[in-house]
Enquirer: 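I have a structure here, written as structure tokens, and I will follow up with some questions on it.
In the text below, chain A, chain B and the rest are named by the order of the sequence lines, each starting its count at 1.
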Amino acid sequence: MFNIFESHSKKMQRKVRVRYAPSPTGPQHIGGIRTALYNYLFAKKHGGDFILRIEDTDQGRYVPGAEQYLIDSVNWCGFEFNEGVHIGGPHAPYRQSERKHIYKQYADQLIASGNAYYAFDSNEVVEAKRKEAEAEKKNWQYDQFTRMRMCNSLTLTDTETAQKLSENSSYAIRFKTPIAEDVVINDLIRGRVVVNSKQLDDKVLFKSDGMPTYHLANVVDDYLMQISHVIRGEEWLPSAPLHVLLYKALGWEDAMPEFAHLPLLLKPDGNGKLSKRDGDRLGFPVFPLNWTDPKTGEESSGYREAGYFPDAFLNILAFLGWNPGTEQELFSMDELVQAFSLDKVSKSGAKFSLDKARWFNQQYLQKKSASQLLALLKAQFPSNDLSDAQLEKIIDLLKPRSVFAKDILSASDYFFTAPSLYDTKTVEKKWKENSPQIVQELQEVFAAESDFSAANLEATFKAYLEEKQLGFGAAMPPLRLMITGFGEGPSLFDVMEILGKEECLERMEKVEAIKIATKN
RNA sequence: GGCCCGUUCGUCUAGGGGUUAGGACGGCAGAUUUUCAUUCUGUUAACAGGGGUUCGAUUCCCCUACGGGCUACCA
């Protein structure tokens, strides 16, 4: 007990160093980015470092561009690494393929200490064993119960082993899992998890191709890079006991990082964890940025291109599996860093909600000023001779009706082009027998006005209604139809003010067009 | 199959031995608005089931069910 306390407090004093360690097998989906984010938040909260390490020990699955994609994604979200493949650092290189020379010595060390052994069994032999067991509906694994019946340095004599090695026989190095030992993981999110080592198989640590497996490379690098906390997805929980055992076997128990296994992001439609292959199938992007598969050319859409703001996306991600325990929902990055805590991370998997995501973006859109949005949208507006002030007015008018910035763009057409088509439903419902006459009369009334401000237009309009004993419903919809082509939208007098007298009168001229040109 | 993790409104979640089980999204209704949207108000809806422990359990324990993960010389 005393010892546990001591080593615990020693760990608490360590400088916080966390890493995000993806395998470059394709674009990281939102779950991966969330893991990166939580690592970052945890690091910053504790004044620590955040490291990017690329775990590319499986050459067969390497996908070019995946690494850069991840870096671009993280940058778009607004956070950064302190060390990593792209920026270097005191523990460079940060790509495991470039650290290849490092791992063998630790595998050798494990063999020397009796914690690992050479396994000469071919893939076929092992596969055959599995198939055989499967046929009997049993499970077979290379473990403490079967290893003495296999071809390895445990069953071979030393000279036989030495001969095999000198013959350049293909071999792997397997971990010699301790016999029936309770392995304890004190997970920061899940609490105490105990697994008996007899359940574990003798995992390959070093592959016959000269590369380490994930397990070895991961533990070695975390140790060498002085990682204090391993924050990763729940899919790693089953191999955490192996990792703990490896730290012990390597004599690094005191330097072992703390573990925190994050809940998974689930598919919103049925079952299973969210995966890369879900692509666009789910009706929402699963990737932060657009991605084109270099092999198949298949394209997947990203949040950036879908129109999400990075700060909104960040907020959405942060809340998928974490909450501050207060009722605040909108968080800036700084606020997230302040509020983040691992013990507020939930234990169960979360399903993504498109509605909630849209709501977040809408909140962020409303918070942006017209000038901020103008900077974003100016180049995309159709060519026009409106002043920035007028464009900002348009933005302010359209903003409350929008979820994405691009919604403002698509709703602003009639400010730049006179409608040539008119909304069918509105025409059917609101364009009455007397509508042409009302529009014509209003045109005359407005033509007489020199003050084309929204306030004056409204007053004039109301005076006209008064005089003619008409209700709003008789005059407003037809007028709006003529000016914008739609049955709904922002305050029409504001629209007219921006459009100006000449343009408005011109649009009101085309009462005949209503009958021939409609749209849905 | 085995091992491990999980389970509060439809969704994200708060809470935690005694609460009217709270919030947000969505839905619905109403108010505001020339219309639409915004905004505001109200409303809808949950502790998987069964056993314990306890004066009392949704909260603690066990079992079951369900969901998920892992079970590769992939990560």
Enquirer: Strictly by Watson-Crick or wobble contacts shorter than 3.5 Å, is anything paired with B:A29, and which nucleotide is it?
Expert: B:U41
Enquirer: With a non-hydrogen cut-off below 4.0 angstrom, is A:Lys344 in contact with a base, only sugar-phosphate, or nothing?
Expert: sugar-phosphate
Enquirer: Once you round to the nearest 0.5 Å, how far does CD1 of A:Ile173 lie from OH of A:Tyr171?
Expert: 5.0 Å
Enquirer: Produce the list of close N/O pairs, under 3.5 Å, pairing protein atoms with atoms of nucleotides 72-75 of chain B; give distances to one decimal.
Expert:
unit_1, atom_1, unit_2, atom_2, d
B:A72, OP2, A:Arg130, NE, 3.4
B:C73, OP2, A:Arg174, NH2, 3.1
B:C73, O2, A:Ser208, N, 2.6
B:C73, O2, A:Ser208, OG, 2.8
B:C73, N3, A:Ser208, OG, 3.1
B:C73, N4, A:Asp121, O, 3.1
B:C74, OP2, A:Lys207, NZ, 3.2
B:C74, O2', A:Asp58, OD2, 2.8
B:C74, O2', A:Arg61, NE, 3.3
B:C74, O2', A:Arg61, NH2, 3.4
B:C74, O2, A:Arg61, NH1, 3.3
B:C74, O2, A:Arg61, NH2, 3.0
B:A75, OP1, A:Thr57, OG1, 2.8
B:A75, OP1, A:Lys207, NZ, 2.8
B:A75, OP2, A:Tyr214, N, 3.2

Enquirer: Select one nucleotide: of B:C5, B:G22, B:A24, the one nearest the side-chain heavy atoms of A:Lys356.
Expert: B:A24
Enquirer: Which nucleotide in the set B:G23, B:C5, B:G69 lies at the smallest distance from any side-chain heavy atom of A:Glu234?
Expert: B:C5
Enquirer: As an exercise, state the distance from CZ of A:Phe206 to CD1 of A:Ile111, rounded to the nearest 0.5 Å.
Expert: 9.5 Å
Enquirer: Might you work through the ring pair (Phe, Tyr, Trp, His ring centres under 6.0 Å) test for A:Phe493 and A:Phe461, ending with a clear yes or no?
Expert: CA-CA 9 Å; A:Phe493 304 114; A:Phe461 180 78; 5.4 Å; yes
Enquirer: Could you state the CG-P distance from A:Leu265 to B:U13, rounded to the nearest angstrom?
Expert: 9 Å
Enquirer: Please report the distance, rounded to the nearest Å, between CZ in A:Phe331 and P in B:A24.
Expert: 15 Å
Enquirer: Should the heavy atoms of other residues, nucleotides or ligands under 6.0 Å from NZ of A:Lys429 be counted, would the total exceed 12?
Expert: no
Enquirer: Round to a whole Å and report the spacing from CG of A:Leu237 to C1' of B:U71.
Expert: 13 Å
Enquirer: Quick one: label A:Gly471 by what it contacts on the DNA or RNA (base, sugar-phosphate, nothing), any heavy atom closer than 4.0 Å.
Expert: nothing
Enquirer: Step by step, work out the ring pair (Phe, Tyr, Trp, His ring centres under 6.0 Å) result for A:Phe404 and A:Tyr308.
Expert: CA-CA 7 Å; A:Phe404 300 105; A:Tyr308 286 82; 4.9 Å; yes
Enquirer: Cation over ring, A:Lys198 on A:Phe145, under 6.0 Å and within 45°?
Expert: no
Enquirer: Indicate whether OP1 or OP2 belonging to B:U13 is found under 4.0 Å from a side-chain N or O atom of A:Asn323.
Expert: no
Enquirer: If you look at every strand shown and take non-hydrogen atoms under 4.0 Å, does A:Lys347 touch a base, only sugar-phosphate, or nothing?
Expert: sugar-phosphate
Enquirer: Using the benzene-type ring in the case of Trp, are the ring centres of A:Trp322 and A:Phe340 under 6.0 Å apart?
Expert: yes
Enquirer: What's the NZ-P distance between A:Lys351 and B:U13, to the nearest Å?
Expert: 11 Å
Enquirer: Paired with B:C47 by Watson-Crick or G-U wobble geometry, both distances under 3.5 Å: which nucleotide is it?
Expert: none
Enquirer: Watson-Crick or G-U wobble partner for B:C3, using a 3.5 Å limit on both distances?
Expert: B:G69
Enquirer: Would you call the rings of A:His261 and A:Phe259 parallel, tilted or perpendicular, taking 30° and 60° as the class edges?
Expert: parallel
Enquirer: According to the Watson-Crick and G-U wobble definitions, with both distances under 3.5 Å, which nucleotide is paired to B:A57?
Expert: none
Enquirer: If I take atom NZ in residue A:Lys138 and atom P in nucleotide B:C3, what distance separates them, rounded to the nearest angstrom?
Expert: 16 Å
Enquirer: Taking the nucleotide of RNA chain B with the closest heavy atom to each, which residue, A:Ser353 or A:Arg190, is nearer the 5' end?
Expert: A:Arg190
Enquirer: Can you check each nucleotide of nucleotides 27-40 of chain B against protein heavy atoms at under 4.0 Å and return B for base, S for sugar-phosphate only, - for none, in 5' to 3' order?
Expert: -------BBBBS--
Enquirer: Name the pairing partner of B:A24, where a pair is Watson-Crick or G-U wobble with both distances under 3.5 Å, or state none.
Expert: B:U11
Enquirer: Is it the case that A:Arg358 places NZ or CZ above or below the six-membered ring of A:Phe360, under 6.0 angstrom from the centre and within 45 degrees of the axis?
Expert: no
Enquirer: How would you list, by chain and number, every residue that makes a ring pair (Phe, Tyr, Trp, His ring centres under 6.0 Å) with A:His243, sequence neighbours excluded?
Expert: A:Tyr214, A:His215
Enquirer: Can you tell me the distance, in whole Å, between the CG atom of A:Leu266 and the P atom of B:G10?
Expert: 17 Å
Enquirer: Nearest-Å distance, CG (A:Leu264) to C1' (B:C4)?
Expert: 13 Å
Enquirer: Whole Å only: how far is the CG atom of A:Leu330 from the P atom of B:C25?
Expert: 11 Å
Enquirer: Considering only the P atoms, how many Å lie between B:G49 and B:U58, rounded to the nearest integer?
Expert: 9 Å
